[in-house]
Number of protein chains: 2
Amino acid sequence: MPENCDFKRSPCPIANVLDLIGDRWSLVILRDLFLGKRRYGDFTRSPEKIPTNLLAERLKRLQREGLIDKVAYQQQPPRYEYHLTAKGRDTRPILEAMARWGNRYIPGTFVPPDDFWQQPDPTGGEG
Amino acid sequence: MPENCDFKRSPCPIANVLDLIGDRWSLVILRDLFLGKRRYGDFTRSPEKIPTNLLAERLKRLQREGLIDKVAYQQQPPRYEYHLTAKGRDTRPILEAMARWGNRYIPGTFVPPDDFWQQPDPTGGEG
DNA sequence: TGTTGTTACTTTAAAAAATAAAGTAACTGG
DNA sequence: CCAGTTACTTTATTTTTTAAAGTAACAACA
């Protein structure tokens, strides 16, 4: 057992994933990153209309937990882009499983096209 | 487009799944059902220690949304068991994907044994 | 030089949800 | 009769979410 075994609720992997990204917004942000969105404004313009304080907080948490990287794309004024790390990219099976279930059981939800998840990472952001 | 297109946030299947079961407790309850737990007391005794008012509310929602059935197992006093429906059982890929990600990235989480998800439904609860 | 606009946040106040704890109803078993 | 169990409901407090406004640093234009 490593030192970082201070589980919030239990050693169950599902409960722990929920404590990390099991809220109303984190997976929506990850979805947007898979779609190729990178900047703060991109996320705010998504149809779900995330409140800006929550966006800022969630981006901080995702970064702190190593699912995304924050990389500067200009200096004056300092501006940043957000990129998925390998850890973040590996949430794809979770998003895919959710999308499939949603498509099957929630009528009217859009079916992601085949290239939905194929997001290249041109700047190669890796933690 | 069917009539029931009053999406909470957007037509995205992921956002809609989150609005349905994307909270701290719903997937923990579904996990327990996959583990074979059926009664109110079973759920309260899980290591995550769900508050009882939230358990009651989540069971109601899962039932209302057709993921679980509530079936009487005695009359005096009336007592019920909760069972996964096909719709509920089909959340398994979501739980499996979460468990896999958790096992890979959250050290110390237990690895579900091969028979973890193999839960037979002896009473055959179907909505 | 002043005004408007953009980007990326932070702050504030109100509403909603989660939590902990106690309470209730209908029994069972001794 | 009394303690215990099951399946909840109710209440009060804390935390989180939400909506909205505010801020800082610039750029573009007139």
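The basis for the numbers below is simple: all heavy atoms, side chains too, and nothing from hydrogens, waters or symmetry mates. Every chain is numbered from 1, with letters handed out A, B, ... down the list of sequences.
- Considering every non-hydrogen atom in both B/Tyr82 and B/Ile68, the closest pair reads CD2-CD1, 3.9 Å.
- Heavy atoms of other residues, nucleotides or ligands lying less than 6.0 angstrom from CD of B/Gln74 number more than 12.
- Look at B/Arg24 and you won't find any side-chain N or O under 4.0 angstrom from OP1 or OP2 of D/dT16.
- The phosphate of D/dT18 (OP1 or OP2) has a side-chain N or O of A/Trp25 nearer than 4.0 angstrom.
- The CD1-P distance, from A/Ile50 to D/dA20, rounds to 16 Å in whole Å.
- Whole-Å rounding puts the A/Leu55 CG to D/dT18 P distance at 12 Å.
- Across the protein-nucleic acid pair, B/Arg9 atom CZ and D/dA19 atom P stand 11 Å apart, rounded to whole Å.
- Ring geometry, B/Phe34 versus B/Trp117: the interplanar angle exceeds 60°, so the pair is classed perpendicular (tilted spans 30 to 60°).
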Walk me through it: do A/Ile21 and A/Val17 pass the test side chain to side chain contact (heavy atoms under 4.5 Å, CB included)? CA-CA 6 Å; A/Ile21 51 174; A/Val17 168; 3.9 Å; yes
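- Atom-to-atom, CD of B/Gln74 to C1' of C/dA26 comes out at 10 Å; the value is rounded to the nearest Å.
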Per-nucleotide protein contact string for nucleotides 6-11 of chain C (B base, S sugar-phosphate only, - none; heavy atom under 4.0 Å): -BSBBB
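- Mapping B/Leu54 and B/Gln75 onto DNA chain C by nearest heavy atom places B/Leu54 closer to the 5' end of the strand.
- Cation-pi check for A/Arg9 over B/Trp25 is met; the charged atom lies under 6.0 angstrom from the ring centroid and within 45 degrees of its normal.
- A donor-acceptor contact shorter than 3.5 Å is absent between the side chain of A/Thr109 and the backbone of B/Cys12.
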